[in-house]
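Working notes, structure below.
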Protein chains: 2
Amino acid sequence: MNVKIEKLIKQFAKLPRVGNRAATRIALGLLQDKNGRIQMLADALTDAANSIHPCSCCGVLTDMDLCEYCSDITRKNGQLCIVRDLSDVLVLEKSGVFHGRYHVLGGNLSGVSGVTPNDLNLDNIKSRIDNENIKEIIFALPNTVEGKTTQQYIISIIGDKDVVFSELASGVPLGGDLDYIDDGTLTLAFGGRKKL
Amino acid sequence: MNVKIEKLIKQFAKLPRVGNRAATRIALGLLQDKNGRIQMLADALTDAANSIHPCSCCGVLTDMDLCEYCSDITRKNGQLCIVRDLSDVLVLEKSGVFHGRYHVLGGNLSGVSGVTPNDLNLDNIKSRIDNENIKEIIFALPNTVEGKTTQQYIISIIGDKDVVFSELASGVPLGGDLDYIDDGTLTLAFGGRKKL
């Protein structure tokens with residue numbers, strides 16, 4: 001196969017959950033497209049690579065200095081939701097359940113993956129609490145050992161501030177059949193049972 | 001969500017078999033990648049868009065004037081395999097079953113999709129037969145009404161040349177369970193049964 005086409009296929013095959021077969025199909029589809037989509041995609045990528053960077057305050061990706069959430073004064077409601085990455089912000093925004101400000105860590109502490117506190121976006125977390133008059137910090141981190149470790153670490157470094165900490169509830173998902181739920185979730189759901 | 005990120009996601013979502021969810025995952029993965037993969041992909045795309053074009057002889061995509069198959073003198077063995085598009089060439093090359101030259105049509109005649117003989121790469125098919133001393137034309141077109149119509153059309157325009165025409169055999173695929181095979185294939189396999 002032509003070297004340049006092969007190079008393009010290899011770049012596509014590195015994308016998350018795109019295998020060799022799909023990468024070939026995508027590359028050939030673009031190369032044979034008559035509407036110039038290949039140049040449009042290249043331009044959108046170059047434009048994004050040059051202009052998109054983390055918000056200087058919260059870490060959400062943006063092309064401005066402050067992202068759309070940090071620059072929206074109506075979202076300054078005293079609540080700060082700490083998430084792992086941008087996709088979590090998008091999920092929460094889509095649900096419409098949260099109307100405060102975000103703080104994106106860019107990862108979770110992990111011995112296995114070698115993620116240390118220095119790798120997380122935490123430099124300005126204490127100044128944000130003061131500047132934005134934060135009253136409640138909501139942890140929306142993954143319900144895993146890494147997520148819980150990260151949560152404990154963050155509480156330990158900002159524990160002297162006058163804020164309420166909360167985390168998302170654990171339990172049986174909506175529509176969840178008990179047959180298909182793992183023991184860990186069941187134990188959490190049982191321990192956190194609500195009186196009726 | 002940021003407009004530029006949204007634009008990038010939309011470009012990815014237009015790729016074959018990439019839905020909105022996968023497009024979002026791909027775009028965010030690239031934007032958060034620390035090894036500069038986003039610029040590498042943009043460069044590979046721009047490079048391909050500027051240099052890749054159909055081979056002036058057979059229509060295979062290449063960055064040279066003649067593709068690797070047309071410039072390979074050992075492949076001038078008198079056989080010409082007519083295929084619909086480049087992905088068919090790749091499948092045949094991978095199987096190692098064919099060692100002659102290719103001719104890529106760029107589509108099949110289709111009333112529904114409005115593909116006419118003028119849309120197919122057929123201008124030089126007669127001169128190729130003379131210049132490359134072609135003795136056999138092998139049709140490796142899709143086993144569909146469109147494929148067979150295209151095959152008949154091509155035979156009709158080069159019928160006066162001294163060449164043998166052949167097409168790939170129809171039948172039960174290797175490992176194919178009769179339970180799962182459609183009636184059309186079964187009828188073809190039955191009609192084309194071989195004496196043992």
Side-chain angles (χ1 to χ4, degrees), chain A residues 1-12 14-18 21-55 60-64 67-68 85-87 89-91 93-94 104 106-107, chain B residues 1-12 14-18 21-55 60-64 67-68 85-87 89-91 93-94 104 106-107:
Chain A
M1 203 193 314
N2 184 279
V3 181
K4 289 188 181 183
I5 301 181
E6 228 166 327
K7 205 173 140 194
L8 184 60
I9 291 174
K10 268 188 195 150
Q11 287 296 331
F12 275 115
K14 285 181 192 159
L15 297 178
R17 303 205 203 173
V18 175
R21 231 190 157 85
T24 307
R25 208 169 41 217
I26 290 173
L28 295 186
L30 280 172
L31 285 165
Q32 290 169 107
D33 179 73
K34 286 176 180 110
N35 301 318
R37 279 199 295 124
I38 188 167
Q39 194 57 60
M40 281 157 68
L41 178 57
D43 292 346
L45 282 165
T46 304
D47 191 24
N50 293 333
S51 63
I52 301 289
H53 53 81
C55 168
V60 160
L61 293 177
T62 177
D63 62 335
M64 297 165 289
C67 75
E68 59 208 282
D85 56 35
L86 179 56
S87 57
V89 173
L90 298 184
V91 169
E93 281 301 298
K94 205 175 152 207
V104 178
Chain B
M1 203 193 314
N2 184 279
V3 181
K4 288 189 181 182
I5 301 181
E6 227 166 329
K7 204 172 140 195
L8 184 60
I9 292 174
K10 267 187 197 151
Q11 287 296 331
F12 275 115
K14 284 181 194 160
L15 299 178
R17 302 206 203 173
V18 175
R21 230 187 159 90
T24 306
R25 209 167 43 217
I26 290 173
L28 294 186
L30 280 172
L31 286 166
Q32 289 170 105
D33 179 73
K34 287 175 180 108
N35 302 318
R37 278 199 295 124
I38 187 167
Q39 194 57 61
M40 281 157 69
L41 178 57
D43 292 344
L45 281 165
T46 304
D47 191 24
N50 292 333
S51 63
I52 301 288
H53 53 82
C55 168
V60 160
L61 293 176
T62 178
D63 62 337
M64 297 165 288
C67 74
E68 62 210 280
D85 55 36
L86 180 55
S87 57
V89 174
L90 299 184
V91 168
E93 280 302 298
K94 206 174 152 209
V104 178

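Order of the sequence lines fixes the chain letters, A, B, ..., with proteins taken first and strands second; residue numbering starts at 1 for each chain. Side chains are part of it too, since the values below use all heavy atoms of this structure and drop only hydrogens, waters and symmetry mates. This is a predicted model, so every value here is computed, not measured.
Crowding of B:Lys7 atom NZ: a count of heavy atoms from other residues, nucleotides or ligands under 6.0 Å not exceeding 12.
Among the candidates B:Asn50, B:Val18, B:Ile5, the residue making the largest number of heavy-atom pairs closer than 4.5 Å to chain A is B:Ile5. For the options B:Gln39, B:Met64, B:His53, B:Lys10, heavy-atom pairs under 4.5 Å to chain A are most numerous at B:Gln39. The greatest number of non-hydrogen atom pairs below 4.5 Å with chain B, out of A:Thr24, A:Asp33, A:Leu31, A:Val60, is found for A:Leu31. Listed options B:Asp63, B:Val89, B:Leu8 were ranked by heavy-atom pairs under 4.5 angstrom with chain A; first place goes to B:Asp63.
Taking every heavy atom of both residues into account, B:Ala42 and A:Leu45 meet most closely at CB-CB, 3.7 Å. When all heavy atoms of B:Ala49 and A:Ile38 are compared, the closest pair comes out as CB-CG2, 3.7 Å. Contact detail for B:Lys14 and A:Met40: the closest heavy-atom pair is NZ-CE, 4.2 Å. A:Ile9 and A:Ala23 get closest at one heavy-atom pair: O-CB, 3.5 Å.
At a 4.5 Å heavy-atom cutoff, the contact between B:Leu90 and chain A is made by side-chain atoms alone. Residue A:Leu86 touches chain B through both its backbone and its side chain, counting heavy-atom pairs closer than 4.5 Å. For B:Ile52, the part sitting under 4.5 Å from any heavy atom of chain A is the side chain, from C-beta outward, and nothing else. Contact annotation for A:Leu30: only side-chain heavy atoms (C-beta onward) come within less than 4.5 Å of a heavy atom of chain B. For a residue to count as touching a neighbouring chain, one of its non-hydrogen atoms must lie under 4.5 Å from one of that chain's; by this rule A:Leu28 touches chain B with the side chain only. At a 4.5 Å heavy-atom cutoff, A:Glu93 makes no contact with chain B through either its backbone or its side chain.
The shortest distance between side-chain heavy atoms of A:Asn2 and B:Glu68 falls below 4.5 Å.
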Run A:Leu15 and B:Arg37 through side chain to side chain contact (heavy atoms under 4.5 Å, CB included) and show every step you take.
CA-CA 9 Å; A:Leu15 297 178; B:Arg37 278 199 295 124; 4.2 Å; yes
